[in-house]
Amino acid sequence: MTLRLHNTLTGAKEAFEPLEKGHVRMYTCGPTIWNYAHVGNLRSFLFYDLVRRHLRVSGYRVTHVMNLTDIDDRILDQAMHAGMSIGEYTKPYATAFFEDMAALRAERADHYPRATEHIPEMVEMIATLLERGNAYAADGDVYFRIASFPGYGALSHLDRAGLRAGARVATDKYDKENVSDFALWKKAQPEDEKIGAAWDAPFGRGRPGWHIECSAMSKRYLGDTLDIHAGGVDLMFPHHENEIAQSEAANHQQFARVWLHSEHLFDATGEKMSKSAGGFTTLRDLVEAGHDPLAIRFFLIANAHYRSRLRLSSEALHAAAEQVRRLREFFDRVERTPSAASDDEGLEQKTAAVRAAYREALDDDLNLPQGIGVVFDLIREANAALDSDQVGPRNKASLLGLIDDVDAHLDVVRAEEPGLAEEVERLIGERESARRARDFARSDQIRDDLRRRGIALEDSKAGVRWRRVAPTGAERS
RNA sequence: GGCGACGUAGCCAAGUGGUAAGGCAGAGGUCUGCAAAACCUCCAUCCCCAGUUCGAUUCUGGGCGUCGCCUCCA
């Protein structure tokens with residue numbers, strides 16, 4: 001089976017094929033670093049991570065670009081209030097973004113271009129649009145002329161009549177030909193100069209509008225035509241629509257062949273999580289509340305299909321944590337259990353079937369929740385086989401192969417654990433002595449002490465195991 | 001007002017025209033010094049109504065409900 005992706009542009013699942021054989025060019029809309037990313041933002045970013053991982057599983061080389069928007073109205077406002085330059089203001093949030101992504105084990109993109117570092121590319125594209133009559137200057141601002149681009153609205157399926165009806169009157173303060181025309185360049189204001197938010201351009205000193213950065217930077221790193229462009233659904237209109245208009249008007253080439261949009265994350269009350277609406281949760285909030293970043297990762301990419309809405313709740317997060325725990329537990333067990341003398345043919349066939357079904361689920365528009373379902377079904381059977389010592393060398397290799405398949409996307413199983421602390425080993429030894437002496441009071445005390453520090457001990461025939469867990473006392477939110 | 005999505009067990013969630021994966025939570029067991037882990041058993045007829053069909057949760061129409069986009073937004 002080949003990879004099929006739901007393309008927003010056509011509204012259908014299509015067999016995916018990049019323009020250049022074996023190489024995928026992917027552009028994804030990254031964060032605006034005016035604040036910490038909230039968990040809803042992170043859902044999208046982890047979705048990009050899932051896409052790129054599965055493309056690699058599918059045998060493609062991927063060139064992945066994710067932009068950092070480091071200039072926009074909110075950044076200007078905030079920097080102004082804080083009395084610092086936009087560079088100073090955004091720096092800690094850029095750092096926080098990379099920290100969050102690392103904590104969630106997102107693979108790094110190949111390029112993270114920042115808007116303020118690509119002003120010349122944007123100026124050049126705007127100049128082209130002006131030359132071609134796709135843009136016009138009005139009192140120092142430059143706007144894109146939507147009337148010059150007949151295909152406008154194709155992505156979001158909004159026609160211009162609908163847009164006009166929905167447009168709010170307030171936007172009329174600008175001198176635009178049409179209310180839907182959007183800014184490519186905004187004339188510099190006196191305050192902009194103080195915070196380093198103004199650049200020279202043939203059409204006047206100013207700063208770029210929001211949409212032009214993606215068109216200019218994607219072209220710079222990936223060329224005129226992208227194989228995949230991804231983002232959250234809220235970017236579909238107007239952001240992505242505007243990108244298409246700018247890029248195709250300037251390049252006369254199709255901008256993106258496949259558009260992927262991930263659905264929103266909602267908070268526990270059922271409201272869409274959004275920075276401007278007030279209440280939002282950051283990764284830091286969740287970690288402080290005692291949630292494991294790996295569980296959060298699992299929740300965000302595997303709890304629901306990417307095109308379904310997902311609601312954040314402590315129960316769902318807990319369920320995700322349990323699933324991560326089960327996966328890790330299982331992997332650990334398969335690896336450490338000595339092989340039985342012979343293989344179980346039934347298990348062997350089932351494992352092969354599950355590996356195929358898992359791959360098929362992912363190939364079918366990245367249906368990770370479905371894939372995970374079939375895997376857990378097998379894990380139960382395999383655990384039963386392990387209980388009765390029926391897992392032979394071939395079985396074991398197949399099961400480890402399955403874990404590798406799954407972890408190629410999840411990346412929560414082989415996430416490195418801190419090495420065995422000598423103190424833990426020593427305490428385990430001490431406890432074993434106490435147990436042999438049937439001093440269970442002492443034995444339990446050691447176990448409880450470790451548990452409080454986030455280390456759980458488990459006794460089994462094969463000996464004592466320890467693993468990291470959330471420290472007791474860390475309440476879930 | 002325009003466009004669109006969704007409504008599956010206490011919670012999350014996948015799915016197919018032929019009598020509903022999986023996870024969490026819960027109940028009862030096996031195992032264990034006690035636990036934990038693991039395993040076993042139990043736990044839904046898919047919002048309502050009508051239609052198409054031999055047969056619909058899955059298709060069509062209507063209704064009710066929830067939500068998103070149309071404006072900065074992942």
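Because the structure is predicted, anything quoted here is derived from the model rather than measured.
- Residue side chain A:Arg380 does not reach the base of B:G22 through any donor-acceptor N/O pair under 3.5 Å, judged by distance alone.
- Comparing the P positions of B:C54 and B:U66 gives a spacing of 38 Å, expressed to the nearest Å.
- Distance check on atom C1': B:A44 versus B:U30 gives 28 Å, rounded to whole Å.
- Across every strand in view, B:U32 sits unpaired, with no contact that passes the Watson-Crick or G-U test at under 3.5 angstrom.
- As the counterpart of B:G1, B:C70 is assigned, both hydrogen-bonding distances of the Watson-Crick or G-U wobble pattern falling under 3.5 Å.
- In the interface, the side chain of A:Asn303 is not paired with the base of B:G22 through any donor and acceptor atom under 3.5 Å apart.
- Pair assignment for B:A25: none, as no Watson-Crick or G-U wobble contacts are both less than 3.5 Å.
- Atom P of nucleotide B:C3 and atom CG of A:Asp234 are separated by 22 Å, given to the nearest angstrom.
- Among the nucleotides B:C72, B:G22, B:G68, the one closest to any side-chain atom of A:Lys272 is B:G68.
- Considering only side-chain atoms of A:Glu458, the nucleotide from B:A13, B:A37, B:G33 that sits closest is B:A37.
- Comparing the P positions of B:G7 and B:C59 gives an interatomic distance of 11 Å, to the nearest angstrom.
- Nucleotide B:C6: paired with B:G65 (Watson-Crick or G-U wobble, both distances less than 3.5 Å).
- Of the candidate nucleotides B:A14, B:C34, B:A38, B:C34 has the atom lying nearest to any side-chain atom of A:Arg435.
- For A:Arg325, a side-chain nitrogen or oxygen approaches OP1 or OP2 of B:A38 to under 4.0 Å.
- Comparing B:G22, B:G4, B:A13 by their nearest atom to the side chain of A:Ala304 picks out B:A13.
- Searching all strands for a Watson-Crick or G-U wobble partner of B:C59 with both distances below 3.5 Å returns B:G51.
- If you measure from atom CD of A:Gln370 to atom P of B:G23, you get 15 Å, rounded to the nearest angstrom.
- Spacing of P atoms, B:C11 relative to B:A25, comes out at 15 Å, to the nearest Å.
- Shown here, B:C43 forms no base pair; nothing in the strands shown gives a Watson-Crick or G-U wobble contact with both key distances under 3.5 Å.
- We find that the ring of A:Phe440 and the base of B:G33 stack, their centres lying under 5.5 angstrom apart and their planes tilted less than 30°.
- A donor-acceptor contact under 3.5 angstrom links the side chains of A:Gln445 and A:Arg442, judged on distance only.
- Ion pairing between a basic and an acidic side chain is recognised when a charged N comes within 4.0 Å of a carboxylate O; A:Glu14 and A:Arg4 show no such pairing.
- Considering only the side chain of A:Arg309, B:A5 comes nearest among B:A14, B:A5, B:A13.
- Here the nucleotide nearest the side chain of A:His318, chosen from B:A35, B:C24, B:A14, is B:C24.
- Comparing the same atom, P, in B:A20 and in B:C42 gives a spacing of 15 Å after rounding to whole Å.
- One can find a donor-acceptor pair under 3.5 Å joining the base of B:A35 and the side-chain atoms of A:Arg447.
- Along RNA chain B, the nucleotide nearest A:Leu310 and the nucleotide nearest A:Arg438 are compared for position; the residue whose nucleotide lies closer to the 5' end is A:Leu310.
- Ring pair A:Phe149/A:Phe144 is perpendicular by interplanar angle, where above 60° counts as perpendicular and below 30° as parallel.
- A salt bridge links A:Arg297 to A:Asp49: one of the charged nitrogens lies within less than 4.0 Å of a carboxylate oxygen.
- Between B:C67, B:C72, B:C69, one nucleotide has an atom nearer to the side chain of A:Phe266 than all others, and that is B:C67.
- Listed candidates were B:C34, B:G23, B:A14. Nearest to the side chain of A:Phe376 is B:G23.
- The base of B:C31 lies outside donor-acceptor range of the side chain of A:Asp387, with no N or O pair under 3.5 Å.
- Aromatic ring orientation, A:Tyr358 versus A:His409: tilted (interplanar angle from 30° to 60°).
- We find the CZ-CZ distance between A:Arg328 and A:Arg414 to be 11.5 Å, quoted to the nearest 0.5 Å.
- Side-chain proximity of A:Arg74 to the nucleotides B:C72, B:G33, B:C39 is greatest for B:C72.
- Each of A:Gly371 and A:His211 was matched to the nucleotide of RNA chain B holding its nearest heavy atom; the match closer to the 5' end belongs to A:Gly371.
- Listed nucleotides B:A14, B:G33, B:A38 differ in distance to A:Asn367; the shortest reach to its side chain belongs to B:A14.
- Using a cut-off of 4.0 Å between Lys/Arg side-chain N and Asp/Glu carboxylate O, A:Asp439 and A:Arg435 are scored as not salt-bridged.
- B:C6 and B:G63 have their C1' atoms separated by 16 Å, with the value rounded to a whole Å.
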